[in-house]
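The structure under discussion appears below in the form of structure tokens.
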Amino acid sequence: MAETKFNKGWIVVGLGFLALAFAFAARSSVSMVIPLWETELGWTRTLSATGSSLVLAMMAAGSPVAGNLMDQHGPRAVFVFGLLALVAGVGGTAFATGPWHYLFLFGIVGGLGWASVSIPLVTAAVSACFDRNRGLAIGIAVSGATGGQLPVLSLLGISVAAMGWRSSFIGLAVLIASIALLVWFCLPAAVRQRPDSKDAPEADGLRDRLRFLFGQRTFLLLLAAFSLCGFTTAGVIDVHFIPYAISCGYSLELSTGAYGVHGLGNLAGVVLLSWAADHVNRPRLLATMFFVRAALFVYLFHIGTSPANLYLFAAAFGLLNFAVFPIIANIVATHIGVRIIGLTLGLLFGGHSLGAAIGALLGGWFFDLFAAYDFVWGLSLALAALAGVFAILIPETRPARPRPVAAAA
């Protein structure tokens, strides 16, 4: 897709932002309605959490498949399928009367949707549209998963309070269906991908693509680093940060407020650091982010009882959380190429999800053993630093930008 006065890739960016905003809001809606389900349906919190766990499992397994389909058939078909699966999953849950309705519709059917409308797939679609300003474009699109979902969730909360959760879920499904129509009519059927410095060979078979990827040193380093990233973010911080803050003496309101600040930090970090990836050495930038994250785990040991410390940690950690993925995608585009970027990012996201699952499980297990989170944070510190080591071993293939030379007198 050639860049002209207006690069049509920005349409992909806008639609990706919109799709992620509604997809992530729909996934987060469970936490909003859990108390209502307890009262109205008699469902336990374990049951509600099981549905969310099914979603994560479907995302981990389905993202590589959806990414490979995107490489072969383009983003429009994959995104429309994913959005329609979300319509069926979220809209169908509005009529649920038994647990299996929720687990099947929200967890499995909806899980297929979230696997198809995800950060790696939106990143892959955007990456194929840009040579210049690729990092900035990815950052704007991916920010829909953080800042974009905030107004959607706020409106959904108002709707639940006014009309009830069933009517609100139906309304959300109708809006997602509208986005599916918008994607179908506005998104190109296929994005014409131009090869980068190292592109995949012309191999149509999945086995050939996998053999090519797992023979790439850069891919293996990114897979190792991003899997450890999942352990230290979605695994331990997303699951155990609020309980840890409460165990330190902070109130539930302060703890959840700090996590909200973490989300705002995600939004700022995605845009700012994705822009930085267009101008600096990307592996060094990625490694620096992991090393600073490791240092923040040291700070987490000493947050004490000062709200300022709690909020400072949440904001700083947020800056370095979601922003990792657009930088990794930027590296993939130039080191491996955009022809199989959907499969590549899907596999990387699967490793991240697996690392997150292990982190969440070990975090709870270690707390049950020691009645403290110190060992969890210490292990996370070491793994974040190791991820930084993996990142710094990646060579930078993009030539440095020339420095401006002062004009001669």
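These numbers come from the heavy atoms of this one structure, side chains and all, not from hydrogens, waters or symmetry mates.
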Problem - Spacing of Phe241 atom CZ and Leu310 atom CG [to the nearest 0.5 Å] - result: 4.5 Å
Handout entry: Approximate separation, where rounding is to 0.5 Å, of Asn281 CG and Ile392 CD1
Key = 8.5 Å
Practice task
Could you tell me whether Arg282 and Glu396 make a salt bridge, using a distance below 4.0 angstrom between a side-chain N and a carboxylate O?
Solution key: yes
Exercise for the section: Could you grab the distance from atom SG of Cys229 to atom CG of Leu222, nearest 0.5 Å is fine? Expected result: 11.5 Å
Practice task
Assign the ring pair Phe313 / Tyr299 to parallel, tilted or perpendicular, where the plane angle (0 to 90°) is split at 30° and 60°.
Solution key: parallel
Problem - CA sep, side-chain torsions, deciding dist, call: Ile331, Thr397, side chain to side chain contact (heavy atoms under 4.5 Å, CB included) - result: CA-CA 9 Å; Ile331 294 172; Thr397 59; over 6 Å; no
Practice task
Kindly determine whether Val376 and Leu362 satisfy side chain to side chain contact (heavy atoms under 4.5 Å, CB included), including the steps that lead there.
Solution key: CA-CA 8 Å; Val376 177; Leu362 288 183; over 6 Å; no
Handout entry: Aromatic centroids of Phe390 and Phe290 separated by under 6.0 Å
Key = no
Practice task
State, with a plain yes or no, whether a side-chain heavy atom of Phe95 is found less than 4.5 Å away from one of Leu105.
Solution key: no
Problem - Flag, side chain of His335 to backbone of Val332, donor-acceptor distance under 3.5 Å - result: no
Exercise for the section: Say whether, by atom type as modelled, one donor and one acceptor occur between the side chain of Ser168 and the main chain of Val160 under 3.5 angstrom. Expected result: yes
Practice task
Would you confirm whether Arg293, through its side chain, and Leu320, through its main-chain N or O, come within 3.5 Å as a donor-acceptor pair?
Solution key: yes
Practice task
Tell me whether the centres of the aromatic rings in Phe317 and Phe297 are closer together than 6.0 Å.
Solution key: yes
Handout entry: Short side-chain to backbone donor-acceptor contact, His262 and Asn321, under 3.5 Å
Key = no
Practice task
Could you go through the side chain to side chain contact (heavy atoms under 4.5 Å, CB included) check for Arg76 and Met70 one step at a time?
Solution key: CA-CA 8 Å; Arg76 185 173 72 179; Met70 178 179 287; over 6 Å; no
Problem - Spacing of CG belonging to Leu319 relative to CG belonging to Leu267, to within rounding of 0.5 Å - result: 10.0 Å
Exercise for the section: Would you check if the side chain of His279 reaches a backbone N or O of Trp275 as a donor-acceptor pair within less than 3.5 Å? Expected result: yes
Handout entry: Exam field: side chain His73 to backbone Leu69, donor-acceptor pair closer than 3.5 Å
Key = no
Practice task
Would you please say whether a donor-acceptor pair under 3.5 Å links the side chains of Arg134 and Ser127?
Solution key: no
Handout entry: Whether Ser143 side chain and Ile140 backbone form a donor-acceptor pair below 3.5 Å
Key = yes
Handout entry: Contact check, side chains of Ser274 and Leu136, non-hydrogen atoms, under 4.5 Å
Key = no
Handout entry: Nearest atoms (heavy-atom pairs only) where Gly346 meets Pro64
Key = O-CG, 3.5 Å
Handout entry: Arg166 to Phe169, cation-pi by 6.0 Å centre distance and 45° axis angle
Key = no
Exercise for the section: On the 0 to 90° scale, with breaks at 30° and 60°, tag the Tyr373-Trp377 ring pair as parallel, tilted or perpendicular. Expected result: parallel
Handout entry: From OG1 (Thr93) to CG (Leu172), nearest 0.5 Å
Key = 10.5 Å
Handout entry: Exercise: do Arg209 and Thr344 side chains pair donor with acceptor under 3.5 Å
Key = no
Exercise for the section: Please check if the side chain of Ser159 supplies one atom and the backbone of Leu155 the other of a donor-acceptor pair under 3.5 Å. Expected result: no
Exercise for the section: Kindly indicate whether the side chain of Trp43, heavy atoms from C-beta on, has any atom under 4.5 Å from the side chain of Leu36. Expected result: no
Exercise for the section: Look at the rings of Phe226 and Phe325 and say which category their plane angle falls in: under 30° parallel, 30 to 60° tilted, over 60° perpendicular. Expected result: tilted
Handout entry: Near-ring test Trp184/Phe79, centroid separation under 6.0 angstrom
Key = no
Practice task
For the pair Asn68 (side chain) and Leu343 (backbone), establish whether a donor and an acceptor sit closer than 3.5 Å, ignoring hydrogens and angles.
Solution key: no
Handout entry: Contact check, side chains of Leu347 and Leu210, non-hydrogen atoms, under 4.5 Å
Key = yes
Practice task
For this output row, return yes or no: ring centroids of Trp365 and Phe375 closer than 6.0 angstrom.
Solution key: no
Practice task
Step by step, work out the side chain to side chain contact (heavy atoms under 4.5 Å, CB included) result for Ile119 and Phe322.
Solution key: CA-CA 10 Å; Ile119 289 177; Phe322 271 38; 3.9 Å; yes
Problem - Interatomic distance, Leu300 atom CG to Ile237 atom CD1 [nearest 0.5 angstrom] - result: 5.5 Å
